Amino acid sequence: MQEISFRSKDKDISLAKTLLYISAEDEAFMAFNREMDAQSLKNERKNTNVSSNAQDQEHIEAMPMAGKKIAEWLSELDGIAKEVEVELISRDIGCHLVEVLEAVNKVLFESKGFRRSPVVDSKCSYLHSVLSSKCGSAILLSIIYIEICRRLNVTIVGSRVGEDFLIWPKTGNPEELFKVNSGHSLFGIVNGRCVEDPRSMASDLTCNSLIGLDIATNRDIIGIYLANLIRLHWKRASRTNHGLMLTSPLRPVHDDNEKWSKTDMPLLRPQDLRLAIMASEKLLILQPHNWALRRDHGMMLYYSRDYAKAVQELSICMAFAPQEEAEVLEPFVEKLHLLQLESSWKSRGHKGRLTVL
């Protein structure tokens, strides 16, 4: 919230620092779970010596991630930018845009060996992990590229094109980005094989169509990253329930012949589900009036059996959603009210069960 506050100008938002805050918060959550597991094991096995590695962190900046704090990971980006400067000096050339980008490409993709991961998992979906392993998702490699160039006073912009997020330097001469040298255009080298894949919308781009794309703001880029993170963790959480969608429970409510109760709840991985909810909470800060996002957030709370918060989120969603979607949500929210009442009934020590008809 501190980094993406609407009181700050978009150009002043640090993509790297924001993503490292996200990493630190998720790492803190997972470290807490590991500590709780260790303490549980210690309680179960009195003779087992379980060491605790967890540390109380007064500030999120002090949270260690793969052995480094946020400031140290930011210094990693500073170091890469300095290597690019050294590469430019060694070539004894000026600061022509294309030459600068070629130097960035050489350092990032040749010297450092950064590459796009063929499989999207949690290891390639957090900035500190990518800086450590040199293997990351397309959006994170784009963000690293943007951050390195920003340190070199080169403005890189980007836009969503189909399923891809493409980046290029802000220039008045986009033709030079599409000139082919050594069998590749600079635009293709920066963005990877998707530019050359005929199945991708990116393959149809020219210098003229590039100008017509909507440029993503820093907040937009963070939003795209968070949406990817939600999908990743939801997929991991629902791995044992093939084909399960967030909205799967909504439709059967209208079928009078189909029974519906909390006993039908699929078993999900709790840690991955919580990480998806945390990413969704952050995205809602950026997009508070996105009814579909709020619906999905409410459904994740339902799957985590937090019925009170699920009712609250879905009720807010109904105020923003189109009428047909609100009509689908209304009976489901009524059922959730009853489940919430039953949970409250049992938590007070009452026996028996409230029937959800």
Side-chain angles (χ1 to χ4, degrees), residues 1-26 29 60 70 77 116-117 120-122 124-130 136-147 149-150 155-168 170 191 194 201-202 213-237 245-247 272-301 313 316-317 320-322 325:
M1 290 183 69
Q2 173 183 308
E3 286 300 309
I4 63 178
S5 169
F6 284 97
R7 288 175 293 182
S8 60
K9 295 180 180 178
D10 190 82
K11 66 179 181 63
D12 296 330
I13 294 175
S14 169
L15 294 174
K17 196 169 185 180
T18 302
L19 266 60
L20 287 169
Y21 275 139
I22 293 169
S23 297
E25 290 175 359
D26 285 5
F29 170 73
I60 197 70
I70 287 179
L77 293 168
R116 183 171 178 174
S117 173
V120 178
D121 59 22
S122 57
C124 69
S125 299
Y126 287 99
L127 182 56
H128 72 285
S129 298
V130 177
S137 63
I139 185 67
L140 271 175
L141 291 181
S142 295
I143 289 171
I144 290 172
Y145 204 101
I146 291 170
E147 285 288 323
C149 288
R150 184 177 66 81
T155 302
I156 299 291
V157 296
S159 178
R160 294 194 76 162
V161 179
E163 296 297 318
D164 298 301
F165 183 80
L166 306 179
I167 58 173
W168 64 93
K170 188 176 182 181
N191 290 293
C194 64
M201 293 177 62
L213 295 178
D214 292 328
I215 303 300
T217 65
N218 284 330
R219 289 185 176 87
D220 291 336
I221 295 172
I222 295 167
I224 293 169
Y225 169 75
L226 285 169
N228 289 347
L229 207 56
I230 294 169
R231 284 192 290 271
L232 168 68
H233 289 308
W234 169 253
K235 185 177 180 179
R236 288 171 58 87
M245 299 176 62
L246 279 170
T247 56
D272 289 305
L273 179 57
R274 185 60 216 168
L275 287 169
I277 291 172
M278 289 167 64
S280 181
E281 288 170 344
K282 295 177 178 72
L283 186 51
L284 276 170
I285 298 172
L286 284 169
Q287 303 173 17
H289 299 120
N290 185 331
W291 70 267
L293 173 61
R294 196 167 288 277
R295 177 202 61 195
D296 291 350
H297 184 66
M299 294 306 299
M300 283 189 280
L301 292 169
E313 288 298 322
I316 296 173
C317 169
F320 295 111
E325 295 292 339

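Since the model is a prediction, treat every value here as computed from it, not as a measurement.
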Rounded distance [0.5 Å steps], [atom1] in [X] versus [atom2] in [Y]:
X	Y	atom1	atom2	answer
His128	Ile70	NE2	CD1	10.5 Å
Arg116	Ile139	CZ	CD1	10.0 Å
Glu147	Leu19	CD	CG	9.0 Å
Ile224	Ser159	CD1	OG	8.0 Å
Ser14	Ile222	OG	CD1	8.5 Å
Thr217	Ile13	OG1	CD1	7.0 Å

For [Y], does its backbone N or O pair with a side-chain atom of [X] as donor and acceptor, under 3.5 Å?
X	Y	answer
Asn191	Ile167	yes
Asp10	Arg219	yes
Arg294	His289	no
Asp296	Met299	no
Tyr126	Ala24	no
Ser142	Ala138	yes

Between [X] and [Y], which heavy-atom pair has the shortest distance, and what is it?
X	Y	result
Lys11	Asn218	CA-ND2, 3.9 Å
Cys317	Arg295	SG-CB, 3.6 Å
Met300	Ser280	CE-CB, 3.5 Å
Trp291	Pro322	CE2-CD, 3.4 Å
Ala202	Val161	N-CG1, 3.9 Å
Gly298	Glu313	CA-CB, 3.9 Å

Is any side-chain heavy atom of [X] less than 4.5 Å from a side-chain heavy atom of [Y]?
X	Y	value
Glu25	Phe29	no
Ile144	Leu127	yes
Tyr225	Leu15	no
Ile156	Trp168	no
Val130	Ile143	no

*asked:* Pair Trp234, Leu273 - check side chain to side chain contact (heavy atoms under 4.5 Å, CB included), show working.
replied: CA-CA 6 Å; Trp234 169 253; Leu273 179 57; 4.0 Å; yes
*Going through the distances and angles, do Asn228 and Arg231 end up as a side chain to side chain contact (heavy atoms under 4.5 Å, CB included)?*
CA-CA 5 Å; Asn228 289 347; Arg231 284 192 290 271; 2.3 Å; yes
*asked:* Run the side chain to side chain contact (heavy atoms under 4.5 Å, CB included) test on Met201 and Asp164 for me, step by step, so that the C-alpha distance in whole Å, both residues' side-chain angles and the decisive distance to 0.1 Å come before the verdict.
replied: CA-CA 8 Å; Met201 293 177 62; Asp164 298 301; over 6 Å; no
*Using a strict cut-off of less than 4.0 Å between a Lys/Arg side-chain nitrogen and an Asp/Glu carboxylate oxygen, indicate whether Arg274 and Glu281 qualify as a salt bridge.*
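A salt bridge links Arg274 with Glu281.
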_So if I apply the side-chain contact (heavy atoms from CB on, under 4.5 Å) rule between Leu226 and each of Leu284, Leu283, Ile285, Thr18, which one comes out positive?_
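Only one of Leu284, Leu283, Ile285, Thr18 forms a side-chain contact (heavy atoms from CB on, under 4.5 Å) with Leu226, namely Leu283.
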*Yes or no on side chain to side chain contact (heavy atoms under 4.5 Å, CB included) for Leu166 and Cys194, after CA distance, side-chain angles and deciding distance?*
CA-CA 9 Å; Leu166 306 179; Cys194 64; 3.7 Å; yes
*For atom CG of Asp214, decide whether the heavy atoms of other residues, nucleotides or ligands shown that lie under 6.0 angstrom number more than 12.*
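Not more than 12 within 6.0 Å, no.
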